[in-house]
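Let me begin by presenting the structure, written as structure tokens, before commenting on it.
All figures in this text were calculated on a predicted structure; none of them were measured in a lab.
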Amino acid sequence: VGVTGEEAVPSHVGCIVVREPQSSAVEAYRNIRTSLQFAMAADKRKVIVVTSGEAGDGKTTTASNIALSMALGGKRVLLIDADLRRPMLHKIFKVSRKHGLSGLLMGKHGFDKARHSVQIEGAQLDNLDLVVAGEVPDIPVDLIEAQMTQSLIKKISKNYDMVIIDAPPVLFVSDACILAGRSDGVVVVSRADRNSHTMMAQVVRQLEGVGANVLGGILNGVRVSKMGAYYSEYYSHGYYAYKSDYYSTYQRGRSDASQSSEDVG
């Protein structure tokens with residue numbers, strides 16, 4: 001699906017598309033957003049699971065920024081933290097974990113109580129809703145398998161254009177495969193400096209074994225400087241230099257046209 005570049009990682013990296021909109025990483029997320037929206041356009045597909053091979057590959061950061069990018073692009077988005085073993089989205093968005101997915105699945109409360117609005121630096125994002133993990137259950141996989149049914153997913157997603165589900169890693173627990181099999185598509189996040197081809201092939205085999213629609217992968221943690229002159233030039237400064245030149249040329253062209261019009265008149 002795409003490549004995200006490695007830059008100095010800020011503490012707010014989970015919301016980087018909002019807080020650092022001019023960074024090259026954000027441009028990569030916009031490209032990923034476009035690819036996913038095209039891939040999901042058929043048959044009104046909308047539910048995407050984001051997972052990885054193992055913990056620490058950046059799946060939560062990726063899921064969060066994809067959801068934010070889609071919301072900023074005008075889509076009505078629901079972001080769900082379904083990693084009931086190691087939930088992180090409540091920390092990224094600084095909301096309480098008391099009411100969330102686990103409580104919804106156990107019937108402790110309804111969807112309206114599980115849903116949170118999202119605020120970043122005091123500004124509310126009207127197009128994005130968040131369902132955090134809630135309290136960690138004793139046996140998460142049993143709860144996910146029994147209660148996170150396709151009918152429930154369809155019900156809670158009916159008022160949204162896209163639903164992004166942050167799932168646990170595939171290789172260590174079965175939760176991700178259950179969620180993947182009940183989604184419309186799966187994105188696999190891989191970290192360039194730690195995941196082998198063999199590992200990622202095993203991840204894809206497990207997902208395809210449950211009938212999941214693997215849309216593609218996102219290579220995370222890439223050192224752009226090691227990808228060759230073209231990528232380094234483009235992502236480091238080439239794209240934004242081009243954009244700056246384009247706008248300056250455009251403005252100059254308008255000025256020239258205006259001057260010509262005055263001369264004619």
Q. Is Glu135 atom CD crowded by more than 12 heavy atoms from other residues, nucleotides or ligands, each under 6.0 Å away?
A. no
Q | Residues Ser196, Thr198; criterion side chain to side chain donor-acceptor pair (under 3.5 Å); working and verdict | A | CA-CA 5 Å; Ser196 67; Thr198 302; 4.6 Å; no
Please say yes or no: joined through hydrophobic side-chain contacts below 4.5 Å, possibly via intermediate residues, are [X] and [Y] part of one cluster?
X      : Y      : answer
Leu215 : Val186 : no
Val47  : Met162 : no
Phe111 : Ile144 : yes
Val131 : Leu125 : no
Leu143 : Ile165 : yes

For residues [X] and [Y], determine if any side-chain heavy atom of one lies less than 4.5 Å from a side-chain heavy atom of the other.
X      : Y      : answer
Met200 : Val204 : no
Leu152 : Leu105 : yes
Met70  : Val77  : yes
Val163 : Ile153 : no
Met148 : Leu179 : yes
Val173 : Val141 : no
Ser190 : Asp57  : no
Ile32  : Ile218 : yes

Ionic contact status for [Y] with [X], cut-off 4.0 Å:
X     : Y      : answer
Arg30 : Glu27  : yes
Lys59 : Asp166 : yes
Arg86 : Asp83  : no
Arg76 : Asp129 : yes

Q) Who pairs with Arg85 by side-chain hydrogen bond (donor to acceptor under 3.5 Å, both in side chains), at least two apart in sequence or on another chain? A)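 Checked Arg85 against side-chain hydrogen bond (donor to acceptor under 3.5 Å, both in side chains); matches are Asp175.
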Atom pair [atom1] ([X]) and [atom2] ([Y]), whose distance is rounded to the nearest 0.5 Å:
X      : Y      : atom1 : atom2 : result
Met199 : Arg191 : CE    : CZ    : 13.0 Å
Gln206 : Cys177 : CD    : SG    : 5.0 Å
Ser35  : Gln37  : OG    : CD    : 9.5 Å
Leu101 : Met106 : CG    : CE    : 9.0 Å
Arg115 : Leu79  : CZ    : CG    : 14.0 Å
Leu78  : Leu128 : CG    : CG    : 8.0 Å

Taking all atoms of both residues into account, what is the closest heavy-atom pair of [X] and [Y], and its distance?
X      : Y      : value
Pro168 : Thr51  : O-OG1, 2.7 Å
Pro87  : His90  : O-CE1, 3.4 Å
Gly181 : Ala212 : N-CB, 4.4 Å
Gly53  : Val203 : CA-CG2, 3.6 Å
Ile92  : Cys15  : CG2-SG, 3.7 Å
Ala114 : His109 : CB-CE1, 3.7 Å

Would you say [X]'s side chain and [Y]'s backbone share a donor-acceptor pair under 3.5 angstrom?
X      : Y      : value
Asn65  : Thr62  : no
Arg97  : Val132 : no
Arg33  : Ser69  : yes
Lys46  : Tyr160 : yes
Asn220 : Val189 : no
Asp184 : Arg45  : no
His116 : His99  : yes

Q: Please lay out, stage by stage, how Ile178 and Val210 fare under the test side chain to side chain contact (heavy atoms under 4.5 Å, CB included).
A: CA-CA 8 Å; Ile178 294 169; Val210 297; over 6 Å; no
Q | Identified side chain to side chain contact (heavy atoms under 4.5 Å, CB included) partner of Ser64 from the options Thr61, Leu68, Ile66 | A | Leu68
Q.
For Asp161, give me all partners under salt bridge (Lys or Arg N to Asp or Glu O under 4.0 Å), at least two apart in sequence or on another chain.
A.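 Listed in chain order: nothing, the list is empty.
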Q | Step-by-step side chain to side chain contact (heavy atoms under 4.5 Å, CB included) determination, Leu130 to Val95 | A | CA-CA 9 Å; Leu130 170 67; Val95 299; 3.9 Å; yes
